[in-house]
There are 2 protein chains.
Amino acid sequence: MPREAESRQSNTHVAREIAKLIVTGVWQEGWTLPREIELASQFDVSRTSIRESLSILKAKGLIAARQKAGTHVRERINWNMLDAELLEWTWAERPSEEFARQLTQVRRIVEPEACAICAERGSDADLARIERAYREMDAAGMDSRAYSEPDLRFHRGILTATGNDFLVAFGATVEAALRMSFELSTLNPGAPRKSLPYHRAILDEIWARNPDGARRAMHRLMDLTERNITSALSRRRSGEAMASAEREGDA
Amino acid sequence: MPREAESRQSNTHVAREIAKLIVTGVWQEGWTLPREIELASQFDVSRTSIRESLSILKAKGLIAARQKAGTHVRERINWNMLDAELLEWTWAERPSEEFARQLTQVRRIVEPEACAICAERGSDADLARIERAYREMDAAGMDSRAYSEPDLRFHRGILTATGNDFLVAFGATVEAALRMSFELSTLNPGAPRKSLPYHRAILDEIWARNPDGARRAMHRLMDLTERNITSALSRRRSGEAMASAEREGDA
DNA sequence: ATGCGATTTTATGTCGGTCATATTATCGCA
DNA sequence: TGCGATAATATGACCGACATAAAATCGCAT
């Protein structure tokens with residue numbers, strides 16, 4: 001019998017729970033997981049479901065199984081951190097500054113170059129799609145929820161326009177980064193909208209078919225994004241400090 | 001009863017077979033797969049095994065399932081092409097020039113920057129590990145098999161030294177690229193060894209803690225790699241043309 | 001006692017079947 | 001002809017048993 005209310009898609013749910021234990025380091029690299037039967041009783045599902053969950057985590061490089069020897073956590077180097085779900089689970093469970101820093105760093109590496117390629121080789125249809133996303137961002141005004149969705153399409157559009165499947169796949173990472181930014185934007189509601197003119201500059205450069213300009217424009221947007229995230233995180237830190245000071249005051 | 005000899009790990013095996021059908025376009029984006037029961041009889045395994053295989057492909061973003069509606073191939077944008085296995089399957093089934101071009105392009109974007117970060121922030125222990133890999137490459141001489149293994153460690157070492165988990169994950173992509181280069185090197189046995197002085201230059205720059213120099217040095221290696229791959233592929237093309245001409249001559 | 005080969009044990013891997021659930025398709029009625 | 005009730009169906013979950021491989025153990029011979 002399934003546990004109770006919150007057991008929607010048990011399969012994905014269990015996979016996420018186990019993944020969280022791994023990415024948070026509760027179950028460390030090299031450790032052997034409990035047996036499948038024990039996991040089944042711990043998570044209150046059948047062994048079949050556990051096995052399907054484990055095969056998801058195997059596919060993402062988190063674990064490996066050997067007959068008789070058991071299932072162990074693989075070393076980090078094998079974790080596919082560029083995977084959409086794994087990214088989401090990691091941030092959801094442990095929204096650390098280090099994670100944010102690394103995510104921003106890798107975006108700074110990839111997106112400006114992708115933008116240059118887009119300016120050089122993107123089709124007019126590709127660019128039109130990017131422009132449409134820009135217009136929707138503009139139309140969203142100060143509603144940061146309505147803003148973030150076309151924002152993602154803008155960035156994905158650039159990656160798609162490169163015609164490079166690997167850069168397209170990088171869209172999953174960008175998506176995680178934007179979701180992260182969106183969450184942090186509650187600490188600074190005006191921030192997202194400030195990126196609009198930077199997006200405009202990118203759009204102009206790619207329409208002008210100017211790779212160098214496009215690269216620089218995207219680089220400036222990345223700079224802004226980094227500043228926003230840094231300041232949001234420091235706000236969060238001081239917010240947490242204040243909250244814990246209050247808690248101590250209560251006692 | 002399993003089919004016959006070549007059914008080692010049926011689970012992974014079936015997943016790979018289905019993945020190949022998808023990446024080669026036999027089963028196109030948006031199409032609905034056969035029912036699980038039909039797949040089970042097609043691949044001569046139980047429905048349980050099919051479900052585990054499908055959950056692997058779900059985890060890699062290739063397919064999605066909805067109750068009653070069936071399982072369909074997701075659009076390419078959702079495929080996690082940066083995944084180690086998916087990369088391997090794609091190249092194994094369809095070693096196209098386009099694939100090689102894209103893989104090289106994304107390496108050119110990521111690795112020089114990673115190299116600069118490595119020069120700036122890598123620990124001495126990290127650099128020592130990279131140097132060890134270099135020495136083994138040197139010791140391998142003209143044996144391109146023995147050369148390629150430390151070659152991968154060299155590049156992975158740089159990515160690891162950045163301290164960025166996402167760049168570390170990119171090691172899977174580099175691995176696929178190097179395996180590809182290795183396969184192509186049979187067409188030009190001397191080529192791999194020629195990269196040694198380029199690796200040496202990288203090593204010197206990162207020991208000198210010179211990010212700009214390291215970036216440039218890695219960039220030059222990427223240029224060389226691209227030239228090697230291009231020439232190997234054109235050799236392969238002309239080889240194929242000759243072979244087919246011979247076949248026609250036979251008839 | 002001690003190294004080593006045979007045997008047992010055990011955890012993952014595979015199987016077939018049943019029931020649950022969601023969603024589509026169909027049927028029947030107004 | 002529209003629409004609500006009903007049936008059909010494909011995935012989702014569960015169960016119990018057996019297969020297989022590798023680790024752990026046992027027993028034999030040295």
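Per chain, numbering begins at 1; letters A, B, ... match sequence-line order.
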B/Arg35 side chain near D/dT9 phosphate (N/O to OP1/OP2, under 4.0 Å): no
Electrostatic pair B/Glu175-B/Arg179, nearest N-O below 4.0 angstrom: yes
Atom-pair distance (CG on A/Leu33; P on C/dA11), nearest Å: 14 Å
Heavy-atom donor-acceptor pair, B/Gln67 side-chain to C/dT21 base, under 3.5 Å: yes
Electrostatic pair A/Glu131-A/Arg135, nearest N-O below 4.0 angstrom: yes
Separation of atom CG in B/Asp44 from atom C1' in C/dC15, rounded to whole Å: 12 Å
Euclidean distance, atom CG of residue B/Asn11 to atom P of C/dA11 [Å, nearest integer]: 20 Å
Electrostatic pair B/Arg129-B/Asp126, nearest N-O below 4.0 angstrom: yes
B/Glu136 with B/Arg153: basic N within carboxylate O range, under 4.0 Å: yes
Base D/dG12 to side chain B/Arg47, donor-acceptor N/O within 3.5 Å cut-off: yes
B/Asp151 bridged to B/Arg193 by N-O distance under 4.0 Å: no
Presence of A/Thr71 side-chain N/O under 4.0 Å of C/dA11 phosphate oxygens OP1/OP2: no
A/Glu36 bridged to A/Arg51 by N-O distance under 4.0 Å: yes
Length of the CD-P vector between B/Glu52 and C/dC15, whole Å: 10 Å
Interatomic distance where CD1 belongs to A/Ile50 and C1' belongs to C/dA11 [whole Å]: 15 Å
Rounded distance in Å - CZ (A/Phe43) to P (D/dC14): 13 Å
What's touching nucleotides 24-27 of chain C from the protein side, N or O pairs under 3.5 Å?
{"unit_1": "C/dT24", "atom_1": "OP1", "unit_2": "B/Arg66", "atom_2": "NH2", "d": "2.9"}

Closest to the B/Thr48 side chain, choosing from D/dG12, C/dC15, D/dA13: C/dC15
A/Glu36 (side chain) and C/dT12 (base): donor-acceptor pair under 3.5 Å: no
Evaluation steps, ring pair (Phe, Tyr, Trp, His ring centres under 6.0 Å), between A/Phe170 and B/Phe166: CA-CA 11 Å; A/Phe170 188 74; B/Phe166 306 105; 8.8 Å; no
Sugar-phosphate only, base, or nothing, as touched by A/Ser49 at under 4.0 Å among non-hydrogen atoms: sugar-phosphate
Interatomic distance, B/Ile63 CD1 vs D/dT11 P [rounded to whole Å]: 10 Å
Nucleotide C/dG16, atom C1' - distance to CD1 of B/Ile37 in whole Å: 11 Å
